[in-house]
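Following: one structure in structure tokens, then a few remarks.
Lettering of chains follows the sequences in order, A, B, ..., and the numbering in each one begins at 1.
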Number of protein chains: 2
Amino acid sequence: MGPLDSYLPYLLNRAGARIATAFNEEVRPLGATLQIWRVLAALREHDGRRMGDLSDTTSIEVSTLTRLVDNMEQKGLVARRRDANDARAILLHVAPAGRRLTQRILPIAERYEAVALAGFSAGETEVLKAALRRLYANMDELES
Amino acid sequence: MGPLDSYLPYLLNRAGARIATAFNEEVRPLGATLQIWRVLAALREHDGRRMGDLSDTTSIEVSTLTRLVDNMEQKGLVARRRDANDARAILLHVAPAGRRLTQRILPIAERYEAVALAGFSAGETEVLKAALRRLYANMDELES
DNA sequence: CCCATTTATTTGTAAATGCAAATATTGGTC
DNA sequence: GACCAATATTTGCATTTACAAATAAATGGG
């Protein structure tokens, strides 16, 4: 392996960590965290998700997620409901305070997207996003 | 903001988290962790680094790093030495066990690079890496 | 229809994390 | 040369995290 900054996982982590840290600081005054935002964003895309589903889409480990959701529930951001068709499962729903918080975080999220991609053309942006999806998919190879 | 999987920080985190989790599992049997590897890899590139320098290059928060290094020192992987020119600073050096561990992890790291980038041409790979460096640099904008 | 297996979530517990404060040292200024 | 702000690291402490085990419910085979 050559220099560190030619090593893909290194570059990936470095960029991700930097964005994550900055974003986290920014939403803190709103009483949120990056992880809370991840859950809210996932619910914004599709409300009433299972814990396992949320864990997959947010990349938050499921036992960590349980406790995060405990916390969000206490804050009135979300509500747990038993799935009527499968009593093992929980369906997590946004609550009004969660919707309000989402609306406050959205512009910050959009700003981060813009800042991170400053100077990228629409084409370059698409190539990058496609590559990131491909990286993710490539990891299937090691899961088996 | 549109669908989650068109949101750059999401894609970045998702890919990074997946690689990190898998890598971490893989090095665990060797008595290592991803964070330990990050430190070893940074020292491999340039031995005798300051804590702050290491924190920057590994993206590990400096107070976390202190304790990680305590741990690595106990395992005989690294050694702290006071900087002779500046008694505030520590210079961290690999120790023999650290070098051996590095040698055992290197092939795993190379495999991860290969798996993640499977199907990418050399050109595509370079475009991706350049983009990740650019993302990182773009975040300067928010630091001020 | 009962049992064993699988799936979904939570809980126990130890370790990792990160902010803030403390400590140590340097370097410049008066 | 003493003092003060800046820099480097560590420590205190509360929170977050993650592995493993526990709990609960569904599913399918006999």
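- When rounded to the nearest whole Å, the span between CZ of A/R49 and P of C/dA8 equals 15 Å.
- Side chain of B/Y136 to main chain of A/I19: no donor-acceptor pair is present (N/O by atom type, distance under 3.5 Å, no hydrogens or angles).
- If you check residues 26-38 of chain B against DNA chain D, the residues with a heavy atom closer than 4.0 Å are B/R28, listed by number.
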- Given side-chain contact (heavy atoms from CB on, under 4.5 Å), test B/L101 with B/L30 step by step and report yes or no. CA-CA 8 Å; B/L101 183 55; B/L30 306 183; 4.2 Å; yes

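- Counting distance only, with no hydrogens placed and no angle test, the side-chain atoms of B/R67 and the base atoms of C/dG18 include a donor-acceptor pair under 3.5 Å.
- Taking the nucleotide of DNA chain C with the nearest heavy atom to each of A/T21 and A/T66, the more 5' of the two is matched to A/T66.
- Look at A/R50 and you'll find a side-chain N or O under 4.0 angstrom from OP1 or OP2 of C/dA8.
- With A/D83 contributing its side chain and A/I90 its backbone, the two residues share no donor-acceptor pair below 3.5 Å.
- For A/D86 and A/R50, the salt-bridge test passes: some basic side-chain N is under 4.0 Å from an acidic carboxylate O.
- By the 4.0 Å N-to-carboxylate-O rule, B/E113 lies close enough to B/K129 to be salt-bridged with it.
- The CG-C1' distance, from A/L68 to C/dT9, rounds to 15 Å in whole Å.
- Listed candidates were C/dA20, C/dT10, D/dA26. Nearest to the side chain of A/M51 is C/dT10.
- In this structure, CG of A/N71 is placed 10 Å from C1' of D/dT16, rounded to the nearest angstrom.
- Counting only heavy atoms from C-beta outward, the side chains of B/V115 and B/R111 approach each other to under 4.5 Å.
- The shortest distance between the side-chain N/O atoms of A/R80 and the OP1/OP2 oxygens of C/dT10 is below 4.0 Å.
- When rounded to the nearest whole Å, the span between CD of B/E73 and P of D/dT9 equals 13 Å.
- A salt bridge links A/E124 to B/R134: at least one charged side-chain nitrogen sits closer than 4.0 Å to a carboxylate oxygen.
- In this model, the phosphate group of D/dA18 is approached by a side-chain N or O of A/T64 to a distance below 4.0 Å at OP1 or OP2.
- Checked by distance alone, B/R88 brings no side-chain donor or acceptor within 3.5 Å of a matching partner on the base of D/dT9.
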